[in-house]
Amino acid sequence: QVQLVESGGGLVQAGDSLRLSCAASGSTVSSYAMGWFRQAPGKERECVATISRGGNTYYTESVKGRSTITRDNAENTVYLQMNSLKPEDTAVYYCAATRRSSRTYYFSTRRDDYDYWGQGTQVTVSS
């Protein structure tokens with residue numbers, strides 16, 4: 001069973017960048033498909049980006065071209081680099097892991113497919 005801890009959130013201005021980190025323990029991130037989700041006040045939790053065990057990635061349209069998800073197996077950490085931040089990026093960001101499929105290139109954008117979650121990190125972007 002993997003435990004996940006997010007960090008790197010904060011209060012920034014529009015146009016700034018942030019790198020969110022998701023440190024794993026208890027198991028290795030290389031054995032999971034990983035995802036970053038976010039939840040703004042009054043809204044559903046949505047998938048921002050995912051990375052499969054094989055390394056293929058997905059980004060939701062609103063962050064495509066501005067964000068990069070990466071995995072560092074040596075550090076047992078998954079990152080989300082976010083550039084050109086906008087006020088609408090304001091949310092609590094959660095890291096999640098799933099091992100629902102043994103396929104190397106499996107990933108999911110559905111929150112119900114993820115079994116392990118971190119506690120979240122707040123990102124606030126001021127205009």
Side-chain angles (χ1 to χ4, degrees):
Q1 183 167 334
V2 65
Q3 292 83 45
L4 305 171
V5 178
E6 303 95 333
S7 62
L11 172 62
V12 298
Q13 293 187 334
D16 285 351
S17 297
L18 276 178
R19 188 177 77 160
L20 305 183
S21 299
C22 172
S25 60
S27 189
T28 57
V29 293
S30 61
S31 60
Y32 295 84
M34 303 295 296
W36 282 98
F37 289 73
R38 67 185 178 187
Q39 188 165 18
K43 294 190 176 182
E44 294 290 318
R45 191 173 299 190
E46 65 167 343
C47 180
V48 178
T50 68
I51 185 166
S52 70
R53 291 190 296 118
N56 59 313
T57 57
Y58 160 88
Y59 300 93
T60 193
E61 195 62 34
S62 61
V63 307
K64 200 174 290 184
R66 300 190 293 122
S67 298
T68 305
I69 184 171
T70 56
R71 180 177 53 229
D72 186 327
N73 292 335
E75 294 293 326
N76 210 24
T77 299
V78 175
Y79 300 99
L80 181 67
Q81 176 71 42
M82 302 184 68
N83 302 321
S84 303
L85 283 160
K86 304 176 181 180
E88 50 264 43
D89 293 318
T90 295
V92 178
Y93 283 72
Y94 298 90
C95 175
T98 178
R99 207 158 48 181
R100 292 287 180 96
S101 171
S102 60
R103 291 183 289 123
T104 301
Y105 295 99
Y106 166 81
F107 67 88
S108 176
T109 60
R110 298 176 65 246
R111 64 178 287 188
D112 289 345
D113 286 338
Y114 287 81
D115 298 311
Y116 307 100
W117 293 84
Q119 83 289 348
T121 185
Q122 176 72 46
V123 172
T124 303
V125 185
S126 63
S127 57

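- Applying the side-chain contact (heavy atoms from CB on, under 4.5 Å) test to Thr104 and every residue at least two apart in sequence or in another chain returns Arg53.
- Nearest heavy atom pair, residue Ala97 against residue Val2, reads CB-CG1, 4.1 Å.
- Counting only distance, with no hydrogens or angles, the side chain of Asn76 and the backbone of Asn73 share no donor-acceptor pair below 3.5 Å.
- Screening residues 73-109 for ring-ring contact (aromatic ring centres under 6.0 Å, His included) gives no qualifying pairs among residues at least two apart or on separate chains.
- Scanning both residues, Ser27 and Ala24, for their nearest heavy atoms gives O-CB, 4.2 Å.
- Residue pairs satisfying the salt bridge (charged side-chain N to carboxylate O under 4.0 Å, His left out) criterion with at least one member in residues 67-84, sequence neighbours excluded, are absent.
- Residues forming a side-chain contact (heavy atoms from CB on, under 4.5 Å) with Ile69 (at least two apart in sequence, or on another chain): Trp36, Ala49, Ile51, Thr57, Tyr59, Val78, Leu80.
- Asp89 CG to Asp16 CG: the interatomic distance, rounded to the nearest 0.5 Å, is 11.5 Å.
- Within the 3.5 Å criterion, the main-chain N or O of Lys64 finds no donor-acceptor partner in the side chain of Ser67.
- Remark: the Asp113 side chain and the Thr98 side chain contain no N/O donor-acceptor pair separated by less than 3.5 Å.
- Glu88 and Thr90 share no side-chain donor-acceptor pair at under 3.5 Å.
- A continuous path of ILVMFWY side-chain contacts below 4.5 Å connects Leu4 to Val48, so both sit in one hydrophobic cluster.
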Worked check of side-chain contact (heavy atoms from CB on, under 4.5 Å) between Met82 and Thr68
CA-CA 7 Å; Met82 302 184 68; Thr68 305; over 6 Å; no
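- Taken from OG in Ser126 to CD in Gln13, the straight-line distance is 5.0 Å, to the nearest 0.5 Å.
- In this structure, the ring-ring contact (aromatic ring centres under 6.0 Å, His included) partners of Tyr32, at least two apart in sequence or on a different chain, are Tyr116.
- Residue Ser127 comes nearest to Pro87 through the heavy atom pair CB-CG, 3.8 Å, listed as atom of the first residue, atom of the second, then distance.
- Formation of a donor-acceptor pair under 3.5 Å by the Glu6 side chain with backbone atoms of Gln119 is found in this model.
- No continuous path of ILVMFWY side-chain contacts below 4.5 Å connects Tyr58 to Met34, so the two sit in separate hydrophobic clusters.
- For the pair Phe37/Glu44, no side-chain contact is recorded, criterion being any heavy-atom separation below 4.5 Å from C-beta on.
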Output, in order, the C-alpha distance, side-chain angles, deciding distance and verdict of side-chain contact (heavy atoms from CB on, under 4.5 Å) for Ser108 and Arg100.
CA-CA 9 Å; Ser108 176; Arg100 292 287 180 96; over 6 Å; no
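- Under the salt bridge (Lys or Arg N to Asp or Glu O under 4.0 Å) test applied with Glu46, the options Arg111, Arg38, Arg110 reduce to a single match, Arg38.
- Applying the disulfide bond (SG atoms under 2.5 Å apart) rule to pairs touching residues 24-102 yields Cys22-Cys95, sequence neighbours excluded.
- Here the closest non-hydrogen pair linking Ser17 and Asn83 is OG-OD1, 3.0 Å.
- The heavy-atom pair separating Leu20 from Val123 by the smallest distance is CD2-CG2, 4.0 Å.
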